[in-house]
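To start, the structure itself, in structure tokens.
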Amino acid sequence: MKEIEKAYEAKKYEDDIYEKWENSGVFTPKIDEKKESFTVSMPPPNATGTLHLGHATMLAIEDIMVRYKRMQGLSALWLPGTDHAGIATQNRVEKNLLEKGITRHDLGREKFLDEVYKFVEGSRNTIRKQIRKMGASCDWTRERYTLDEGLSKAVREIFVRMYNDDLIYRGNRIVNWCPRCSSTLADDEVDYKDKIEKLYWIKYGPFSVATTRPETILGDTAVAVNPKDKRYKEMIGKKYMIPGVLGDFEIQVVADEAVDIEFGTGAIKVTPAHSFADFEIAQRNNLPMKSVIDESGKMKENCGKYAGMTTLECREEIVKDMEKMGFLEKVEDFNHNLSVCYRCKTTVEPLVSRQWFIAVDKPAIEENGKKKSLKEKAIEVVKNGDIEIVPEKFNKTYFHWMENLHDWCISRQIWFGHQIPVWYCMDCEELNVATETPEKCKCGSHNLKQDEDTLDTWFSSGLWTFSTLGWPEKTKDLEYFHPTGVLETGYDILFFWIARMIIMTTYAMHEVPFKNVYLHGLIRTRDGKKMSKSSPETCIDPLDMIEQYGTDALRLSFVIGGTPGNDLRLYEEKIAGYRNFVNKIWNASRFSLMNVSDEDLATEFDPKKHIISRADKWILTKLQYLIKDVTDDMENFRYSEAGMKNYNFTWCELCDWYVEISKGKHLNPVVLIYVLKNILKLLHPFVPFVTEVLWSNLNEKKMLIEESWPKFNKDLLFDKEVEEMEILHQIISDIRSVRAQYSVEPAKKIMAVIYAGKYTKFLEEKIEPLKRMARIENIDIMEKGEKIEKAVCIFVSDIEIYLPLNELVDTEKEKSRLNKEKENLENFKKSLSAKLDNKSFVGNAPKELIENEKKRLAETEKSLEQINSQLADL
RNA sequence: GGGCGAUUAGCUCAGCUGGUUAGAGCACCUCGUUUACACCGAGGGGGUCGUAGGUUCGAAUCCUACAUCGCCCACCA
């Protein structure tokens, strides 16, 4: 006999429970060769971050996976960490400094980095606390950070290996350059913005060309036309002097397939150094390159009077000048996709720069005597099923992206990150690529200078699954926990991260980083818009929701009603609804605890001894099917389904029926507690806090988190009793329904006469709950008997129930009620007979289905008979 | 331009390999302090499963076209 509080107040318990888990060491799995391992690498939140809905979703889903596997007896490791997020973090700190009027250059590299480290340390602690708030059962003893010594070592090691394998090279190539960040951007770090711009038509010697960027004329070295274009056939290969604003300049005419004959004049000006498409044309045609824009987005010295202007200023000036000089033919509006930096939204300036690249197309990985490129290997492991993506539809997206991947530019001109492990000799031309700072150059000189650039953040996070386990050392962790089980994250970083991990891991480890990829959708507002902090009325702060409704409720709202890869709309009522459910679990337990003794709690359930009633058998059977279904759903990543089934069982079956029937002398403490313990286990991965608090009241030795997942037990299936119980449910529901239709006050007790046929004995046993739940004063149960006057009649299976409501009975109302029922049944009967009369159906459909339909038809006919007979008497 | 997805009750969504008289939660209506829970209980209304064809004995589920919405990728001067 215990009494717990009337309502569950999450706030009171959550922090204590988390501390208890963490201090107990359950989050830290042991390396046990007898056990299978299961690893999840936590997608490292940015070091700048505070918890947002994306993190919260990821943490909820991953925690469900990990708790489930842990309860299944696997050695489950969930490895947490943070990402230094080079550009994002540096921008953040620069912004903070700018408020004080300081730029990073004022401080210099070292002092600036100190500022960054200080900032990062603060925000890392914030995010650590917030991850705990979500109930994440991750192993904090193994926490990693991309700039840890170990991980940095892994980064340098990989760099050196790839360099030695000729997979990393330095080249002059066109890159996306963000003048604000003063750094290159990878292709997928560029966003596009629709914008209407001016398209200028320019008289260009013998040609007429169009451009949205007249300032690039200063860097033109060619005109390209389509080789099939007859208009320019004669001109291909020739050189022309073109009169321009700075005097005549020379171009040559080349033929290239990339030029569209239909568009404009069919001739384009080529600026190899400042356009991706033009760069490629130049490469194919061996064109000279003329760079006219520098890295701050200003015109270079070779631009005469325009030197020093920004590109926009220059554009304005040059247009004016061209107009004066008669080169401008026309100007029109043009819908253009402007490339902008994904971090700061500054317009990207394509320019040629000397950068480090990873060669993705170069044959490198040797297998069975055949060499495959990084790309080929990364495609192969998904194609052959070594990695399975959930949902499957993302396979296509992945292949498409991978197949179109260009060499990956990995150098960034920012200070915060892993500095490139290359030392240039100031005395000779030699490059020294090494994992540690070399003492001297191969030539003997000590005059070495390390490359100023840092590596792309995704370079280091690409190593995440194995660098966090100790690689390049051959650690026991690495051997036991790698490859990891599932990589779970939002679909928006499939390319950024997952693709990179697959590339880097298949290269370094010769194995996949993970067996499964589970992609969750994005969280949206009720209207399907992106959650953004700029609209606080629809934007939900997870921490605020935890404060109000508890972590468990929030977790459920991420999981139930969503499917992998599809966006999920979230709003407060939803979370409140799950808070109600959490409270329901609490109260089902509260009821149980109030009605059992310590002795009952200590008694181990023995089916032979403790099963008493049909209700016991019914709930035990339902529980078995639940265990089976939920386990199956968990194995197949159907967390929403699993959660919903738990929800329905708890609320509708356990609370609404079993507990209700149990009230009074029918209560069977041992079975009730057995069922309760099992449902708490099944619910635990979803709502860890409330279930653990409740568990602590059950006098168990172990914590719930350490318990084993329930197993399906076919000895606890009692299908006959389930059928009988369902009849009882039906009778009670129908009586309640009639009471409501006749507006019989709930307080008023009525009489009932039941002719129960073969169910007589069963219903006699259940007379007490039947009276209580249908609010009946007196019930006469007989096998059969005469029809009763002035009574409402209900039929359930072949049981006849009479409710003598006397003066309340309204013959017309009864007629219409019965007629409606009759119509339903007749329609149903019609469709069943039509099916069964159809020879093709009988010939083709499975036997069980046909048998079942026949049975249903017989039942329907029986009910119709009863109703007709009743109608005849009215 | 290429690809992917969505369209089921007023709202948010389930419905896994085709066989349910189409489900849930919220909202709505009626009633209700009964040995847990008003963060509750009981009862109820509400859907020709986007449209049009097709495959099949049988389609919300498979195929085709169309419509509407959304996302991703590419990009042209």
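Here is the naming used below: chain letters follow the sequence lines, and residue numbers restart at 1 for every chain.
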When all nucleic acid strands are considered with a 4.0 Å heavy-atom cut-off, which category describes Ser743(A): base, sugar-phosphate, or nothing? nothing
Distance between the P atoms of rU48(B) and rC31(B), in whole angstroms? 29 Å
Looking only at non-hydrogen atoms, find the nearest pair between Glu14(A) and Asp552(A) and report the distance. OE2-N, 4.0 Å
Remember a base hit wins even if backbone is also touched, and classify Gly561(A) as base, sugar-phosphate or nothing at under 4.0 Å, heavy atoms. sugar-phosphate
Do Arg590(A) and rC37(B) have a side chain to base donor-acceptor pair shorter than 3.5 Å? no
Strictly below 4.0 Å, N to O, side chains only: are Arg772(A) and Glu768(A) in salt-bridge contact? yes
Using a 4.0 Å heavy-atom cut-off across all strands, classify Ala576(A) as base, sugar-phosphate, or nothing. nothing
Any base atoms under 4.0 Å from Lys393(A), or only sugar-phosphate, or nothing? Heavy atoms, all strands. sugar-phosphate
Respond yes when some side-chain nitrogen or oxygen of Asn844(A) is under 4.0 Å from OP1 or OP2 of rU56(B), and no when none is. no
Nearest to the side chain of Asp656(A), heavy atoms from C-beta on, is which of rG41(B), rG25(B), rA36(B)? rG41(B)
Under 4.0 Å, counting only non-hydrogen atoms across every strand here, what does Asn838(A) touch: a base, just sugar-phosphate, or nothing? sugar-phosphate
Sugar-phosphate only, base, or nothing, as touched by Arg526(A) at under 4.0 Å among non-hydrogen atoms: sugar-phosphate
Distance check, C1' atoms only: rA14(B) and rU61(B), in whole angstrom units. 13 Å
Does Lys645(A) qualify as a cation-pi partner of Tyr625(A), given the criterion of NZ or CZ under 6.0 Å from the six-membered ring centre and within 45 degrees of its axis? no
Over all strands shown, is Trp651(A) touching base, sugar-phosphate only, or nothing at heavy-atom distances under 4.0 angstrom? sugar-phosphate
Salt-bridge criterion met for Glu5(A) and Lys12(A) (N-O under 4.0 Å): yes
Looking only at rU35(B), rA14(B), rU21(B), the nucleotide nearest the Phe828(A) side chain is rU21(B)
Need one value for Lys574(A): base, sugar-phosphate or nothing, where a base atom within 4.0 Å counts as base even if backbone is also close, heavy atoms only. sugar-phosphate
Same-atom distance (C1') from rU8(B) to rG46(B), integer angstrom: 14 Å
Contact class for Arg856(A) (heavy atom, under 4.0 Å): base, sugar-phosphate, or nothing? sugar-phosphate
Taking the nucleotide of RNA chain B with the closest heavy atom to each, which residue, Ser592(A) or Lys839(A), is nearer the 5' end? Ser592(A)
Sticking with atom P, work out how far rC16(B) lies from rG53(B), rounded to a whole angstrom. 25 Å
Any-strand Watson-Crick or G-U partner of rC11(B), both distances under 3.5 Å: rG25(B)
Indicate, with a heavy-atom threshold strictly under 4.0 Å, whether Ala588(A) touches base, sugar-phosphate, or nothing. base
Phosphate oxygens OP1/OP2 of rA14(B): is one of them under 4.0 Å from a side-chain N or O of Thr563(A)? yes
Look at the side chain of Lys6(A) against the base of rA36(B) and say whether a donor-acceptor pair falls under 3.5 Å; ignore hydrogens and angles. no
Touch class at under 4.0 angstrom, heavy-atom based, for Ser640(A) against every strand present: nothing
Considering only the C1' atoms, how many Å lie between rU35(B) and rG23(B), rounded to the nearest integer? 34 Å
Pairwise P distance for rG43(B) and rA24(B), with rounding to whole Å: 12 Å
If you check the Tyr192(A) side chain, which of rC75(B), rC40(B), rC4(B) turns out closest? rC75(B)
P spacing across the pair rG45(B) / rC29(B), given as an integer number of angstrom: 16 Å
Say you pick atom C1' in rG44(B) and the same atom in rC49(B); how far apart are they, in whole Å? 23 Å
May I ask you to verify whether the side chain of Glu660(A) and the base of rA36(B) hold a donor-acceptor pair under 3.5 Å? yes
Under 4.0 Å, counting only non-hydrogen atoms across every strand here, what does Val582(A) touch: a base, just sugar-phosphate, or nothing? nothing
Ignoring hydrogens and angles, tell me if any N or O in the side chain of Lys375(A) forms a donor-acceptor pair with the backbone of Glu403(A) under 3.5 Å. yes
5'-most contact on RNA chain B (nearest-nucleotide basis), Asn404(A) vs Asp260(A), goes to Asn404(A)
Give one of base, sugar-phosphate or nothing for Arg569(A), where a contact means two heavy atoms less than 4.0 Å apart. sugar-phosphate
Do the side-chain N or O atoms of Lys645(A) get closer than 4.0 angstrom to the phosphate oxygens (OP1, OP2) of rG15(B)? no
